[in-house]
Amino acid sequence: MRIFAWVSVALGVFCLTSCQHTLIKPNSMPVYYSDSGFVNLLPTTAMSGTIDEAQHLEGTFRKMKSPGNSLADTSTTTFSGDVWVRANDTILSVVFFSGFGTTIAELTYAKDSVSFVSSVIDVEKMKAEYVIADLQTCFYPFEALKNNFEKSGFAFTEKRLSDESQDFERELSENGKTILRVTRKASEIDLVNELRQYKYHINLGSE
């Protein structure tokens, strides 16, 4: 069913009665890609081209084991849902929809703020800037991303089939250890964070 799993739970306990909102100033909270290495979000002006379309997002993440707790829950959670993505040189935003087509959350990055508004998600527990950072890694130009990562000591590479092709394989690493991979083939993007053990699959231009 094309609805986010955690949204189904929220609806079941009638969490639609209130709206939560969080606001973060850009560069006020670092995005850690490793335990010690972090970057700041690129400004929206780094975006080349324009995206304004429906997409379908599927994700999987594994709960991380706490140090010294061998009995910690490390189960895997999956989610799936439709979104609308806008990306240009002034804004990067994602609107999340329920299976009924109603808006359940909106994540927005603009010049002066990162905001996450939702009536069903506990946005205080969500790190909005991390979601924005992953989207930038998928959609923003390679050179801008590369320069940003290298300033913080990471290595960031990209392989393309040809200069004209939009397909690519991107890899983020630190000290020779792969942290994150992003692969685009035709209208599909896969992002895998090997360190944090989560992944996204995005269908572009989904109806």
Side-chain angles (χ1 to χ4, degrees), residues 4-7 22 24 26-27 29-42 46-47 51 55-67 69 72-81 83 85 87 92-94 96 105 107 109 114 116 121-160 166-185 187-204 206:
F4 288 96
W6 31 261
V7 172
T22 187
I24 302 169
N27 301 332
M29 296 185 69
V31 176
Y32 279 86
Y33 279 94
S34 67
D35 292 338
S36 59
F38 67 89
V39 300
N40 289 310
L41 295 175
L42 283 169
M47 177 63 180
I51 299 172
Q55 299 181 3
H56 186 70
L57 174 66
E58 299 174 0
T60 303
F61 68 91
R62 182 182 298 277
K63 295 180 179 179
M64 301 295 289
K65 183 180 295 185
S66 301
N69 185 3
D73 180 9
T74 57
S75 60
T76 298
T77 299
T78 61
F79 59 85
S80 175
V83 299
V85 176
L92 174 55
S93 70
V94 186
F96 300 83
L107 176 62
Y109 174 46
V114 177
F116 191 17
I121 304 169
D122 186 356
V123 298
E124 298 298 330
K125 294 181 179 180
M126 298 286 289
K127 291 185 177 293
E129 66 275 21
Y130 280 72
V131 180
I132 292 293
D134 281 342
L135 291 173
Q136 289 190 336
T137 306
C138 291
F139 298 125
Y140 275 36
F142 168 69
E143 287 298 332
L145 291 163
K146 180 175 182 289
N147 292 336
N148 196 40
F149 282 125
E150 287 186 347
K151 286 190 301 184
S152 298
F154 295 100
F156 189 65
T157 61
E158 179 184 81
K159 296 179 181 178
R160 285 184 178 264
Q166 294 188 13
D167 295 351
F168 58 71
E169 295 180 359
R170 293 175 171 178
E171 181 177 300
L172 176 69
S173 61
E174 184 181 44
N175 299 323
K177 182 178 181 180
T178 299
I179 297 173
L180 180 145
R181 299 178 191 272
V182 181
T183 303
R184 174 170 179 168
K185 293 183 178 179
S187 61
E188 299 185 3
I189 295 178
D190 288 290
L191 180 149
V192 179
N193 189 311
E194 298 185 0
L195 181 63
R196 307 300 184 195
Q197 299 184 35
Y198 67 83
K199 59 184 178 180
Y200 301 136
H201 179 78
I202 303 171
N203 287 315
L204 305 173
S206 176

* To do: Would you please say whether a donor-acceptor pair under 3.5 Å links the side chains of Tyr140 and Asn148?
  => no
* **side-chain hydrogen bond (donor to acceptor under 3.5 Å, both in side chains) partners for Thr60, two or more places apart** => none
* Asked: Which atoms form the tightest heavy-atom contact between Pro30 and Asn40, and what is the distance?
  -> CA-OD1, 4.3 Å
* Minimum heavy-atom separation for Ala128 to Val114, with atom names? -> CB-CG1, 3.8 Å
* Structure fact -> d(Leu107 CG, Phe96 CZ) to nearest 0.5 Å is 5.5 Å
* Tell me, do Gln136 and Leu92 make a side-chain contact under 4.5 Å, heavy atoms counted? -> yes
* Count the heavy atoms of every other residue, nucleotide or ligand shown that sit under 6.0 Å from CD of Gln166, and state whether that count exceeds 12. => no
* Asked: From Thr183 OG1 over to His201 NE2, what is the distance, rounded to the nearest 0.5 angstrom?
  -> 11.5 Å
* Side chain to side chain, Leu145 and Phe154, heavy atoms closer than 4.5 Å -> no
* Do side-chain atoms of His56 reach the backbone of Ile202 as a donor and acceptor pair under 3.5 angstrom? -> no
* Using atom types as modelled and distance alone, determine if a side-chain donor or acceptor of Gln55 lies under 3.5 Å from a backbone N or O of Val85. => no
* Roughly how far, to the nearest 0.5 Å, is CZ of Arg184 from CD1 of Ile189? -> 5.0 Å
* Hey, could you give me the CG/NZ distance between Leu180 and Lys199, rounded to the nearest 0.5 Å? => 13.5 Å
* Structure fact -> dist Glu58:CD -> Phe79:CZ (nearest 0.5 Å) comes out at 9.5 Å
* Structure fact -> Taken to the nearest 0.5 Å, the spacing of Ile132 CD1 from Ser93 OG works out to 8.0 Å
* Asked: Would a distance-only check, ignoring hydrogens and angles, find a side-chain to backbone donor-acceptor pair under 3.5 Å from Arg196 to Ser34?
  -> yes
* Could you list the residues that satisfy side-chain contact (heavy atoms from CB on, under 4.5 Å) with Phe142, not counting sequence neighbours? => Lys146, Phe156, Glu158, Arg170
* Can you tell me which residue pairs pass the salt bridge (Lys or Arg N to Asp or Glu O under 4.0 Å) test with a partner in residues 171-180, sequence neighbours excluded? => Glu171-Arg181
* Asked: Do the side chains of Tyr200 and Leu57 get nearer than 4.5 Å, heavy atoms only?
  -> yes
* More than 12 non-hydrogen atoms from neighbouring residues, nucleotides or ligands closer than 6.0 Å to CZ on Phe38, yes or no? -> no
* With no hydrogens and no angle check, is any side-chain donor or acceptor of Tyr130 less than 3.5 Å from a backbone partner on Tyr32? -> yes
* Leu172 side chain near Thr137 side chain, heavy-atom distance below 4.5 Å -> no
